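What you see is a predicted model, and the numbers here were worked out from it, not measured in a lab.
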Amino acid sequence: MRGLDYLRDAGIKPDSRVGEAIETVMERRHQNGRWPLNLLHPEHIPLEMETGVGTASRWNSLRAHRVLRWYGDSPQARG
């Protein structure tokens with residue numbers, strides 16, 4: 001997702017090469033409409049932003065929504 005978010009931020013127009021990655025993002029969405037945290041980094045972080053692996057992640061959900069909107073606004077997504 002980080003790579004897709006980078007392409008979005010760089011102003012790259014989505015094409016067929018991102019289709020498989022977009023499908024993966026959509027498949028990982030939980031029923032509650034958010035995306036889970038996959039891992040907690042072992043190093044100490046002074047400000048805890050996420051609570052636990054498998055729970056809804058604010059950052060992953062933010063990135064996923066931005067990426068899906070970027071892809072959905074493209075001619076590639078419209079067919």
Looking only at heavy atoms, which two atoms of [X] and [Y] are closest? And how far apart?
{"X": "Ala56", "Y": "Asn32", "answer": "CB-ND2, 4.1 Å"}
{"X": "Ser57", "Y": "Pro36", "answer": "CB-C, 3.9 Å"}
{"X": "Asn60", "Y": "Leu37", "answer": "ND2-CA, 3.8 Å"}
{"X": "Met1", "Y": "Val67", "answer": "O-CG2, 4.3 Å"}

Asp5 and Arg2 ion-paired at < 4.0 Å: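 Arg2 and Asp5: not salt-bridged.
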Sub-3.5 Å donor-acceptor pair from the side chain of Ser61 to the main-chain atoms of Trp35, do we have one?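 Yes; at least one donor-acceptor contact below 3.5 Å.
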From CA spacing to verdict: side-chain contact (heavy atoms from CB on, under 4.5 Å), Arg29, His65: CA-CA 10 Å; Arg29 187 178 200 167; His65 282 290; 3.4 Å; yes
Less than 4.5 Å apart, any side-chain heavy atom of Leu4 and any of Trp70?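 Heavy-atom side-chain distance check passes, below 4.5 Å.
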Does any part of the side chain of Arg58, heavy atoms only, come nearer than 4.5 Å to the side chain of Arg34, both counted from C-beta?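 Yes - at least one pair of side-chain heavy atoms lies under 4.5 Å apart.
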Measure the [atom1]-[atom2] distance between [X] and [Y] for me, rounded to the nearest 0.5 Å.
{"X": "Arg8", "Y": "Arg69", "atom1": "CZ", "atom2": "CZ", "value": "8.0 Å"}
{"X": "Leu62", "Y": "Trp59", "atom1": "CG", "atom2": "CH2", "value": "6.5 Å"}
{"X": "Arg17", "Y": "Leu7", "atom1": "CZ", "atom2": "CG", "value": "9.0 Å"}

